[in-house]
Every structure is written in C-alpha cells, then in structure tokens.
**Q** 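The following block contains the structure, expressed as structure tokens.
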Amino acid sequence: MINQVTLVGRLTRDPELNQTTEGTPVSHITLAVNRNFRNHNGEFDTDFVQCTLWRNAAENTYKYCRKGAVVGITGRLQTRHYDGRDGKRVYVTEVVAETIRFLSTKPQGAVAGAGESRAGSSASNGGAYSGQSASGVGSNPPGTSSAASTGTSTVSGQSQASAPGPAPTAESVAASLPF
C-alpha cells in the first residue's frame with residue numbers, strides 16, 4: 001500500500017510548539033495550498049490542510065517559520081477520531097509530516113542565532129531559511145555548513161557535487177511535482 005502526500009503551501013498562522021505528556025515536541029500547523037485549476041468564477045480555490053510535525057521538525061518549524069512562510073511537506077495521510085464534549089464522535093484527517101523544507105527566503109537584515117528567543121522576534125524579521133530541512137536528519141542551524149548550503153548532496157552515503165543555484169520558489173517546486 002502507498003500512503004504518501006507532498007504539499008507546498010503557506011502557513012496560516014505562527015507555529016506553536018507543544019509537548020506530549022512524555023515530553024515529545026509536537027506542532028500542529030495549517031497549510032494553505034492553492035489548487036492548480038480555476039473555479040467557475042475564474043479564481044483559484046485554496047485548501048487548508050491540517051499537518052502534524054514531531055520532534056526536530058516541530059522545533060525547527062517553531063524557531064524559523066512564521067505566518068505566511070512557504071514550506072514543503074512530505075508525509076502520510078492519517079485519520080483518527082475522538083469523542084467530543086457533546087458525546088459525538090469527531091473525525092480528523094491530517095498529514096503527519098516526515099520531512100519539511102523551508103522554501104521562503106531569509107528576510108533582508110534578519111540575523112537568527114541558535115539561541116534566539118521567539119518572543120523577541122516578529123513576523124517582519126523572523127522567517128524561514130531556504131533549503132533547510134527540519135526533519136532532524138541533516139538539519140543545521142543557520143550559519144553552519146550543510147550539504148544543501150555547500151552545493152553537495154548525499155545519495156546512498158556518497159557525496160555528489162552539484163552546482164549551487166538560486167533558492168527554489170514555491171512555484172518552481174510545485175512545477176517540478178509529477179502531478
């Protein structure tokens with residue numbers, strides 16, 4: 001069976017970071033994803049997709065993304081249910097993220113340190129960093145070298161050089177998707 005979802009969209013609000021009772025970081029975000037076709041009025045409709053991020057992905061998204069940031073998520077679709085306060089069963093369908101890519105560019109004049117306090121930053125100077133992975137594997141804080149920033153990539157444990165280029169935009173990423 002195949003259960004894989006790829007989304008590119010904008011955050012509808014600033015991410016919030018929570019912890020489970022066991023102390024595992026978790027973040028619930030909503031992505032606004034435009035449809036690829038126009039409706040009967042000639043406008044593009046938007047879907048609002050609920051996504052759940054765990055561990056390092058949740059922490060890094062909380063640190064480096066703000067409302068309006070463009071992110072790419074790959075993950076799996078999951079449904080769950082619970083009994084609401086009124087006793088009725090509530091069903092939830094969401095994407096559980098396996099990886100997340102920050103696709104917005106770093107704003108001009110923004111300097112982010114690893115110890116930056118979220119309370120001291122605002123939407124105008126906080127932002128996402130292009131090419132950074134928040135999956136926890138291979139993600140580095142801004143200012144440190146990584147395969148993405150040095151123009152090399154690792155495939156099956158072998159390093160391959162690639163030509164560095166401009167940061168991808170949401171449009172270029174969406175255009176490269178197979179569907």
Side-chain angles (χ1 to χ4, degrees), residues 1-36 44-106 112 114-119 121-123 126-142 146 148 167-174 176-179:
M1 304 297 161
I2 297 173
N3 181 0
Q4 187 169 6
V5 176
T6 303
L7 299 170
V8 176
R10 293 190 180 273
L11 296 176
T12 60
R13 65 183 190 285
D14 286 349
E16 295 179 6
L17 185 65
N18 298 310
Q19 290 190 351
T20 64
T21 54
E22 294 83 23
T24 305
V26 62
S27 181
H28 300 282
I29 61 171
T30 303
L31 280 185
V33 181
N34 288 339
R35 294 185 182 172
N36 292 333
F44 289 101
D45 288 331
T46 302
D47 293 308
F48 297 91
V49 183
Q50 305 295 319
C51 301
T52 301
L53 309 168
W54 292 93
R55 298 176 184 77
N56 289 341
E59 291 173 338
N60 288 337
T61 301
Y62 173 77
K63 286 180 191 176
Y64 301 119
C65 291
R66 302 290 179 267
K67 177 181 178 179
V70 179
V71 298
I73 290 181
T74 59
R76 61 185 164 80
L77 197 61
Q78 175 177 293
T79 58
R80 59 186 170 89
H81 61 84
Y82 62 91
D83 292 328
R85 292 184 180 150
D86 58 357
K88 293 184 179 179
R89 183 160 283 184
V90 178
Y91 290 90
V92 178
T93 301
E94 62 193 349
V95 173
V96 178
E98 294 169 0
T99 61
I100 183 168
R101 287 275 181 171
F102 303 152
L103 301 175
S104 295
T105 58
K106 180 177 163 183
E116 175 180 308
S117 169
R118 184 172 179 85
S121 62
S122 67
Y129 297 91
S130 175
Q132 290 282 332
S133 170
S135 64
V137 178
S139 64
N140 296 327
S146 70
T169 63
E171 291 79 18
S172 68
V173 171
S176 69
L177 295 176
F179 45 89

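Residue numbers run from 1 in the order of the sequence given. Please read all numbers here as calculations on a predicted model, not as lab measurements.
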**Q** Could you go through Cys51 and Leu7, starting from their C-alpha distance and side-chain angles, then the distance that decides it, and tell me whether this counts as side chain to side chain contact (heavy atoms under 4.5 Å, CB included)?
**A** CA-CA 10 Å; Cys51 301; Leu7 299 170; 4.3 Å; yes
**Q** To check you understand the geometry: which heavy-atom pair defines the closest contact between Val70 and Ser104, and what is its length?
**A**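 Where Val70 meets Ser104 most closely, the heavy atoms are N-OG, 2.6 Å.
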**Q** Could I get the full list of side-chain contact (heavy atoms from CB on, under 4.5 Å) partners for Asn34, not counting sequence neighbours?
**A**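 Per chain and number, Asn34 pairs via side-chain contact (heavy atoms from CB on, under 4.5 Å) with Thr46.
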**Q** Going from NZ on Lys67 to CG on Asp14, what distance comes out if it is rounded to the nearest 0.5 angstrom?
**A**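 One finds 8.0 Å between NZ of Lys67 and CG of Asp14.
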**Q** What closest approach, in Å, do Ala57 and Thr61 show between heavy atoms, and which atom pair accounts for it?
**A**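 In this case the closest contact between Ala57 and Thr61 is O-OG1, 2.7 Å.
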**Q** Hey, is the main chain of Val49 close enough, under 3.5 Å, to the side chain of Asp47 for a donor-acceptor pair?
**A**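 Looks like no, no N/O pair under 3.5 Å.
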**Q** Please identify each residue that fulfils salt bridge (charged side-chain N to carboxylate O under 4.0 Å, His left out) with Glu59, with sequence neighbours left out.
**A**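 Checked Glu59 against salt bridge (charged side-chain N to carboxylate O under 4.0 Å, His left out); zero matches.
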**Q** Check the pair Leu31, Leu11 against side chain to side chain contact (heavy atoms under 4.5 Å, CB included), reporting the backbone distance first and the verdict last.
**A** CA-CA 5 Å; Leu31 280 185; Leu11 296 176; 3.8 Å; yes
**Q** Do any pairs count as a ring-ring contact (aromatic ring centres under 6.0 Å, His included) and have a residue in residues 8-36, sequence neighbours left out, and if so which ones?
**A**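 Sorted result for residues 8-36: empty, none.
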**Q** Quick one: list whatever passes side-chain hydrogen bond (donor to acceptor under 3.5 Å, both in side chains) with Asn18, sequence neighbours left out.
**A**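 For Asn18, no residue satisfies side-chain hydrogen bond (donor to acceptor under 3.5 Å, both in side chains) once neighbours in sequence are set aside.
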**Q** Residues in ring-ring contact (aromatic ring centres under 6.0 Å, His included) with Tyr91, at least two apart?
**A**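 His81.
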**Q** Ignoring hydrogens, what is the shortest heavy-atom contact between Val71 and Cys65? Give both atom names and the distance.
**A**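 For Val71 and Cys65, the tightest heavy-atom pair comes out as CG1-SG, 4.0 Å.
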**Q** For Asp83, give me all partners under side-chain contact (heavy atoms from CB on, under 4.5 Å), at least two apart in sequence or on another chain.
**A**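 Applying side-chain contact (heavy atoms from CB on, under 4.5 Å) to Asp83 gives Arg89.
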**Q** How would you list, by chain and number, every residue that makes a side-chain contact (heavy atoms from CB on, under 4.5 Å) with Thr30, sequence neighbours excluded?
**A**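 So Thr30 forms a side-chain contact (heavy atoms from CB on, under 4.5 Å) with Thr12, Arg13, Phe48, Gln50.
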**Q** Taking side-chain hydrogen bond (donor to acceptor under 3.5 Å, both in side chains) as the test, write out the residues that go with Thr74, two or more places apart.
**A**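 Thr74 satisfies side-chain hydrogen bond (donor to acceptor under 3.5 Å, both in side chains) with Thr99 only.
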**Q** Can you sort out the partners of Arg55 under side-chain hydrogen bond (donor to acceptor under 3.5 Å, both in side chains), two or more places apart, ordered by chain and number?
**A**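 Not a single residue meets the side-chain hydrogen bond (donor to acceptor under 3.5 Å, both in side chains) criterion with Arg55.
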**Q** Evaluate whether atom CZ of Phe44 has more than 12 neighbouring non-hydrogen atoms of other residues, nucleotides or ligands under 6.0 angstrom away.
**A**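 For Phe44, atom CZ is crowded (more than 12 foreign heavy atoms under 6.0 Å).
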**Q** Output the distance between atom CD1 (Ile2) and atom CD (Gln4), rounded to the nearest 0.5 Å.
**A**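 If we round to the nearest 0.5 Å, Ile2:CD1 and Gln4:CD are 8.0 Å apart.
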**Q** Applying side-chain hydrogen bond (donor to acceptor under 3.5 Å, both in side chains), name anything that partners Thr93, two or more places apart in sequence or on another chain.
**A**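 By the side-chain hydrogen bond (donor to acceptor under 3.5 Å, both in side chains) rule, Thr93 matches no residue at all.
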**Q** Specify the closest pair of heavy atoms between Leu17 and Pro25, including all atoms of both residues, with the distance to one decimal.
**A**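 Scanning both residues, the minimum pair turns out to be CD1-CB, 4.0 Å.
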**Q** Can you see which heavy atom on Ser27 is nearest to which on Pro15, and at what distance?
**A**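 Looking at all heavy atoms of both residues, the shortest contact is OG-CB, 4.1 Å.
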**Q** Quick one: pull up CD1 in Ile100 and CG in Asn60 and give me the separation to the nearest 0.5 Å.
**A**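 These two atoms lie 9.5 Å from each other.
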**Q** Not counting sequence neighbours, which residues clear side-chain contact (heavy atoms from CB on, under 4.5 Å) with Arg76? List them please.
**A**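 Partners of Arg76 under the side-chain contact (heavy atoms from CB on, under 4.5 Å) test: Asn3, Gln78, Val96, Glu98.
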**Q** Hey, what do you get for CZ (Arg101) to CG (Leu103), rounding to the nearest 0.5 Å?
**A**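 Reported value, rounded in 0.5 Å steps: 8.5 Å.
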